[in-house]
Protein chains: 2
Amino acid sequence: MLIRMPTNESPPIPSKPPRRAARGAAAAARIVPSAGGGAPSRGRAARGSARDKLIAAAHQTVRRKGYAATTVDEICAVAGVTKGAFFHHFASKDALAVAAAEGWTERARPMFELPPHTKLGDPLDRLLGHIDFRLAMLDGPVEDFTCFVGTMVQEAYATNDAIRAACEASITAYCEALTPDIEAAIARHGISHGVGAMSLARHVQAVLQGAFIMAKTTNDAAIARDSVTHLKRYILMLFSRG
Amino acid sequence: MLIRMPTNESPPIPSKPPRRAARGAAAAARIVPSAGGGAPSRGRAARGSARDKLIAAAHQTVRRKGYAATTVDEICAVAGVTKGAFFHHFASKDALAVAAAEGWTERARPMFELPPHTKLGDPLDRLLGHIDFRLAMLDGPVEDFTCFVGTMVQEAYATNDAIRAACEASITAYCEALTPDIEAAIARHGISHGVGAMSLARHVQAVLQGAFIMAKTTNDAAIARDSVTHLKRYILMLFSRG
DNA sequence: ATCAACATACCGACTAGTTGGTATGGTGTC
DNA sequence: GACACCATACCAACTAGTCGGTATGTTGAT
């Protein structure tokens, strides 16, 4: 399996100008030559790109080390910008965390739009295709397939409500993106025990998050794939396809 | 439901003299009057109790704030001991983390011994009873039912292999404690799709860990109970009791 | 039993280094 | 030239870990 979500690259769908008031045409200039191009004024990165690079650096670093252990200096170093740029775009480290959680939602969106399985006619096939897609993602280094908001909420749920709420919003958005297909699948095929669509969507998310933790204990994705396989079997049984 | 695991108390089964070489009869004097008794020389805590109190304080504080955000000073304050005592018993903060992960395994042991459901004759009933028990634990403040090692491994898996391995050992111990009943249940009742005992045990653990994260996103246990209910239904279906 | 000799448990002020955040100055673009 | 964008130097607060010292046992020879 070679399917993989973008990880270290910039967010794939930057449609929404990252929640700033007056941004204007700044988003149009989002090219990010990533220190290689020649035309734009010497080796200098494109002006206005620092914010996105900082968010991407936060995703990368926090998934590896956790939020508290990640320093502002390190995020800046990974992003290739200075501290001045950091505090120009974000009022604090916590403010970056909130923005990065919102950015994570954008980054996950293509999962529900791009892959071939989203074009299938049967909503149950689309749901199962999504599970297979998530299964295929569970490969390579752990820090490349785990969840940024899932990691961060563990450290923030009791100490920083703004971050917690941002993580909740991102996870809720995932579940809500999954719900329509589940609802349609229930309508077409019926489901055992009166299981609800949103409830099942949240269970999918829970199993994924749990699988990530199991993978972290061994630094290996195999144990996570096993759990998601159980999840797929459960869904098949619920829809009497087991 | 009122069943609850011990949380802020000292480890329930201190049988093993906390992995020290020559301890002798010191363990016998483990009384821990918890700052209330009158006999032992004024309000002073019992000698030799600092280590256990520090581990309990680590469990409590790390589950709430995460490992990196928890300071040594705070652990000492919660434990009611000084920094000198801390570094007398542990070479470093990381060394405490490893010891606390081992202590967590001891603390979880009664789950497989004490409750009434462990006395049931049918191993499948014991397994389902354990799930019900875990379900009943999902109540009250999130930091009181979540998993210490699951929380800590998220921050340590890529940066501290000693801590990671200690967390892995604790989770593996849980799965291995669950496996005999699952194996016996398979032998007596059969199971669908050739599901393996250890694989199912790990899935149980994964769902629990995922449920904890979901609970953290909302600071509420309800969403976690829902996922564990899905897990129970899956097990029932696997054993053709759905 | 007694007491020296030793071991363990604990105390709390101190330090070297790190961290999030600030102050201020430069630079390109409209 | 005004403003957004970014760089550099810096700081006050905090953190893990140290260290000299004290208190409370334990042991074994007498």
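The aromatic rings of B:F148 and B:W104 sit tilted relative to each other, their planes meeting at an angle between 30° and 60°.
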Which donor-acceptor pairs under 3.5 Å do side chains of residues 212-220 of chain A form with protein atoms, sequence neighbours excluded?
residue: A:K216; atom: NZ; partner: A:T151; partner atom: OG1; Å: 3.2
residue: A:K216; atom: NZ; partner: B:Q154; partner atom: OE1; Å: 2.3
residue: A:T217; atom: OG1; partner: A:M214; partner atom: O; Å: 2.6
residue: A:T218; atom: OG1; partner: A:D220; partner atom: N; Å: 3.4
residue: A:N219; atom: ND2; partner: B:Y157; partner atom: O; Å: 2.9

Taking only distance into account, with no hydrogens and no angle test, what donor-acceptor pairs under 3.5 Å do side-chain atoms of residues 173-180 of chain A form with protein atoms, sequence neighbours excluded?
residue: A:Y174; atom: OH; partner: A:H130; partner atom: NE2; Å: 2.8
residue: A:Y174; atom: OH; partner: A:R134; partner atom: NH1; Å: 3.3
residue: A:T179; atom: OG1; partner: A:C175; partner atom: O; Å: 2.7

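The phosphate of D:dA7 has neither OP1 nor OP2 within less than 4.0 Å of any side-chain N or O from A:H88.
Figure legend: cation-pi geometry between A:K93 and A:Y67, with NZ or CZ positioned under 6.0 Å from the six-membered ring centre and within 45° of its axis.
Rounded to whole Å, atom P of D:dC19 lies 17 Å from atom CZ of B:F86. In this entry the distance linking CD of A:E74 with C1' of C:dG21 reads 18 Å, nearest Å. At whole-Å resolution of the value, CG in B:L54 and P in D:dA16 are 13 Å apart. Regarding B:F90, its CZ atom lies at a distance of 16 Å from the P atom of C:dT8, rounded to whole Å. Rounded to a whole Å, the CD1 atom of A:I75 is 12 Å from the C1' atom of C:dT19.
At the heavy-atom level, A:T82 lies under 4.0 Å from base atoms of the strands shown. At a threshold of 4.0 angstrom between heavy atoms, the contacts of B:K93 are confined to the sugar-phosphate backbone, with no base atom among them.
Ranked by how close their nearest DNA chain C nucleotide is to the 5' end, A:S92 and B:A85 are led by B:A85. Closest-nucleotide positions on DNA chain C for A:T70 and A:G84 were compared, and the one nearer the 5' end corresponds to A:T70.
Distance from the side chain of A:A50 is smallest for D:dC6 among the nucleotides C:dC10, D:dC6, C:dT19. Of the candidates D:dA7, D:dG17, C:dA9, the closest approach to any side-chain atom of B:F87 belongs to D:dG17.
A donor N or O paired with an acceptor N or O is found under 3.5 Å between the base of D:dA16 and the side-chain atoms of B:K83.
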